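One structure below.
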Amino acid sequence: MPVSRKLPKGKLHSCLTIDVEDWFHILDSPVVPGIERWPFLESRIERNLEAMLAVLDSFSVKVTFFWLGWLAERHRDLVRMCRDAGHEIASHGYAHVLAYEVGPRIFKADITLAKDILENIIGDQVRGFRAAGFGITKKAP
Ligand SMILES: [Zn+2]
């Protein structure tokens with residue numbers, strides 16, 4: 001079924017935000033492989049993200065993409081493609097760690113690394129951050 005084009009063309013911004021992760025970054029499952037196995041798994045991010053960018057473009061909608069640093073450093077062209085299409089690039093941390101599980105030292109290192117990677121790729125400051133798995137809690141403020 002074709003997508004309806006009811007929105008006018010132009011630079012429309014939305015409150016839509018999208019976490020950029022691959023299928024093996026799912027949280028809360030004991031069968032999800034650890035980060036040491038991620039490089040050997042089939043990535044599906046390219047085709048899915050390109051399809052998503054096409055849909056967003058067809059409605060002229062701009063969103064915020066919260067990128068995992070681990071994924072961004074392996075798909076630098078996709079990060080730049082999102083940026084070049086007018087979307088905001090933001091951070092979702094490096095390794096999808098839960099703040100309340102890893103503690104402040106590891107969490108800070110994780111988000112600092114992701115921010116550095118993303119800023120290096122886009123050549124601009126990254127201001128947005130979304131914690132993985134709602135990991136910012138009263139236990140990990
Ligand atoms: Zn996530």
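First listed ligand is number 1; within each ligand, the first listed atom is number 1. Computed from a predicted model, the values in this text were never measured in an experiment.
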| query | Got a sec, which residues hit salt bridge (charged side-chain N to carboxylate O under 4.0 Å, His left out) with R130, two or more places apart in sequence or on another chain? | reply | D19
| task | List in chain and number order the residues that pass ring-ring contact (aromatic ring centres under 6.0 Å, His included) with H25, two or more places apart in sequence or in another chain; answer none if no residue qualifies. | result | W38, W70
| field | Shortest non-hydrogen contact between G135 and A140, atoms and distance | value | O-CB, 4.0 Å
| message | Tell me every residue that passes side chain to side chain contact (heavy atoms under 4.5 Å, CB included) with I18, counting only those two or more places apart in sequence or in another chain. | response | L16, M52, L56, V63, F65
| message | Just so I know, are the side chains of L41 and W23 near enough to count as touching, which here means a heavy-atom distance under 4.5 Å? | response | yes
| request: Sort by chain and number the protein N/O/S atoms found under 2.8 Å from the Zn ion (ligand 1). | output: E21 OE2, H92 NE2, H96 NE2
| R44 with E42: basic N within carboxylate O range, under 4.0 Å | yes
